[in-house]
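First comes the structure, then the notes that go with it.
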Amino acid sequence: MQLPSPQELVMDSFAATVARMPALRAAVAADPSAHRVLTGERPTGPLHLGHLAGTISERVRLQRCGVDVLVILADYQVVTDRDVADRLAEHVRGAVLDQLAAGLDPDRTTVFVHSAVPALNQLMLPFLSLVTEAELHRNPTVKAEHAASGRALSGLLLTYPVHQAADILSCRADLVPVGKDQLPHVELTRVLARRFAERYGPVFTPPEPMLTDAPELPGLDGQKMSKSRGNAIALGASADETVALVRRARTDSQRRITVDPQGRPGVYGLLATAALCLGRDPAELAETLDGAAALKRVTADAVNDHLAGHRARRAELARDPGLVDDVLARGNARANELAGRTLDDVRDAMGMRYGSARPVPAR
Ligand code: TRP
């Protein structure tokens, strides 16, 4: 099945992306090996239940059907909105373990970091020349992240969507699974691919975003789940830590448990979590529960049962001291190979073919 050309698509809205998903899924199913996926996250803290339910399961699914999957642990993105990357190596390591425990196979999936791929980072320079400062300031996700940071806007926060475009285009991914908040970045990537073509020739194909079907899991307080809010259950947490976290969740004294995201956010966060882990409908589950204590007990048990397999595999993998380094070394090597080739094409297109440029092929 042929993908429609990017020009035929209106990609500037969430609705358009949602509407596009069935066709994309069908295209992937028809010829999985024709596609390359890049997705990833910034290693600001431990990965949590929301990541597993949404993005990581989707990666595993794509890998299993034969798509070339690359996962970037975006270490330079950690310092967009903070001074130092706290416990970075630990979070990168934990993220690798979680991907593997969830079923990503390092023989088929490439896991890599920004800081190990010079050619990717160099692509940022030509790409920066293709956007204006005004365009960068209009990115709604950057604006929201800047507001949440409570700090001056750093040059990196302002320009990181361009860096993210370099992630995507350096490995020539055609599909980019992301959450809704990342759609502006994929849109910018498409714009950069087209502008590069207008100025220098067709080196890049605009990639398409993919949204998962999984509904977004709220945190234990009913707010957006986030590593920094302390409302998320880390995949690598112990069963006891999970019980303690659930116990701390703020509920109320009404006996009847109801689905009320606005009025009873804490109750809703627990209920949604338990329902996801049990594979049940939240409203139906609510009817079987009597009071917040029962809700907390059921939630903690449900999460611990649901994550038991993942946690056991994770602990087993963590016992192998060389594993994470080995997976990253292989992933970084492949990302360097792909980005190096792309940068050579960019140099050729821009007329920067001298000295260290691509060697003339041997005769
Ligand atoms: N910005 C993404 C996030 O915060 C992480 C990310 C970095 C990413 N590079 C990417 C996602 C490339 C998809 C493709 O979640």
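Everything numeric in this text was worked out from a predicted model, so none of it was measured. The figures that follow rest on heavy atoms only: side chains count, while hydrogens, waters and symmetry mates do not. When a ligand or atom number is given, it counts from 1 through the structure's own listing order.
If you run side-chain hydrogen bond (donor to acceptor under 3.5 Å, both in side chains) between Asp68 and each of Arg36, His35, Arg108, only Arg36 comes through.
If you look at Gln182 next to ligand 1, the close heavy atoms, those under 4.0 Å, all belong to the side chain.
For atom 14 (C) of ligand 1, the nearest non-hydrogen atom of the protein is Val176 CG1, 3.7 Å. Among protein heavy atoms, the minimum distance from atom 4 (O) of ligand 1 is reached at Arg42 NE, 3.4 Å. Taking atom 7 (C) of ligand 1 as the reference point, the nearest protein heavy-atom neighbour is Gln77 NE2, 3.2 Å.
Counting the atoms of ligand 1 from 1 in the order shown, those under 4.0 Å from a heavy atom of Ala74 are 7 (C). Heavy-atom proximity to Asp167, at under 4.0 Å, picks out these atoms of ligand 1: 7 (C), 9 (N), 10 (C), 12 (C). Of all atoms in ligand 1, listed by their number and element, those nearer than 4.0 Å to a heavy atom of Val178 are 13 (C).
Considering backbone and side-chain N/O atoms, Gln164 comes within less than 3.5 Å of an N/O atom of ligand 1.
No donor-acceptor pair closer than 3.5 Å links the side chain of Arg313 to the backbone N or O of Ala102. The main-chain N or O of Glu216 is never found under 3.5 Å from a side-chain atom of Lys224 such that the two would form a donor-acceptor pair. Panel note: side chain Ser170, backbone Asp167; a donor-acceptor pair is recorded below 3.5 Å.
The list of side chain to side chain donor-acceptor pair (under 3.5 Å) pairs with a residue in residues 264-278, not counting sequence neighbours, reads Asp252-Arg264, Thr258-Arg264. Listed by first then second residue, pairs satisfying ring-ring contact (aromatic ring centres under 6.0 Å, His included) with a partner in residues 110-131 read His114-His163, Phe127-Phe204, not counting sequence neighbours.
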